[in-house]
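Below: one structure, written as structure tokens.
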Amino acid sequence: MREIGIDRPRFDVKVSNEVFTLYFIPNLARKKYIDFWDKVEKMMKALKISNKKQRKQAVESLSSDDESDLLKEIIEVTLEANNIPYDENWWELHTDAEMQLEFVRSVIEGSDSGKKKVLQVLKA
């Protein structure tokens with residue numbers, strides 16, 4: 001029998017007083033990360049509109065709490081994919097939005113840079 005993905009390198013991420021040992025970032029987390037940044041970029045573009053009325057309309061059409069929900073979903077999906085139960089209460093008590101974003105960026109971008117290094121070694 002061939003087993004896939006069991007020998008992945010593990011990495012630790014410390015958030016507040018907890019250390020999370022991760023080894024797998026699921027595609028769903030990556031997709032939600034792309035969706036998150038898409039929403040952020042659209043909002044930043046809307047904020048640059050010089051016409052005050054148009055800017056207000058654009059910002060209002062984009063305004064929602066989706067971004068914080070997306071961050072929570074990315075964290076939950078990532079933790080559960082690594083067999084770590086997601087405790088929403090802990091995340092609400094021990095982190096703020098900036099820490100959650102930092103965790104998500106660290107985990108997703110960090111795991112991607114590791115893959116790039118592996119691919120570079122394999123191509124050499």
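Both backbone and side-chain heavy atoms feed into the values below; hydrogens, waters and symmetry mates do not. The shown structure was predicted, so the numbers you read here are calculated from the model rather than taken from an experiment.
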Shared hydrophobic cluster, [X] / [Y] (ILVMFWY, side-chain heavy atoms < 4.5 Å):
| X | Y | value |
| --- | --- | --- |
| Phe36 | Tyr86 | yes |
| Leu70 | Met44 | yes |
| Trp37 | Leu71 | yes |
| Val40 | Ile108 | yes |

Connected to Met1, directly or through other members, by ILVMFWY side-chain contacts below 4.5 Å are none
Asn27: side chain to side chain contact (heavy atoms under 4.5 Å, CB included) partners, not counting sequence neighbours:
Arg30
Glu18 meets the side chain to side chain contact (heavy atoms under 4.5 Å, CB included) criterion, sequence neighbours left out, with Phe20, Trp90
Enumerate, atom names and distances included, each donor-acceptor pair closer than 3.5 Å involving a side-chain atom of residues 72-83, sequence neighbours excluded.
residue, atom, partner, partner atom, Å
Lys72, NZ, Glu92, OE2, 2.9
Glu73, OE1, Lys32, NZ, 2.5
Thr78, OG1, Ile74, O, 2.7
Asn82, OD1, Tyr23, N, 2.7
Asn82, OD1, Phe24, N, 2.9
Asn82, ND2, Phe24, O, 2.7
Asn82, ND2, Thr78, O, 2.7

What is the minimum heavy-atom distance between [X] and [Y], and which atoms define it?
| X | Y | result |
| --- | --- | --- |
| Ser16 | Met99 | N-CE, 4.1 Å |
| Val13 | Phe103 | CG1-CD1, 3.6 Å |
| Ile84 | Thr21 | CD1-O, 3.5 Å |

Do Asn17 and His94 touch side chain to side chain, with heavy atoms closer than 4.5 Å?
yes
Which residues satisfy the salt bridge (Lys or Arg N to Asp or Glu O under 4.0 Å) test with Lys45, sequence neighbours excluded?
none
Test salt bridge (Lys or Arg N to Asp or Glu O under 4.0 Å) applied to Asp87 - qualifying residues, sequence neighbours left out:
none
Can you measure from CD (Gln100) to OG1 (Thr95) and round to the nearest 0.5 angstrom?
3.5 Å
Value for CD (Glu102) from CZ (Arg105), rounded to nearest 0.5 Å, stands at 9.0 Å
Less than 4.0 angstrom from a charged side-chain N to a carboxylate O is my criterion; do Asp35 and Lys39 meet it?
no
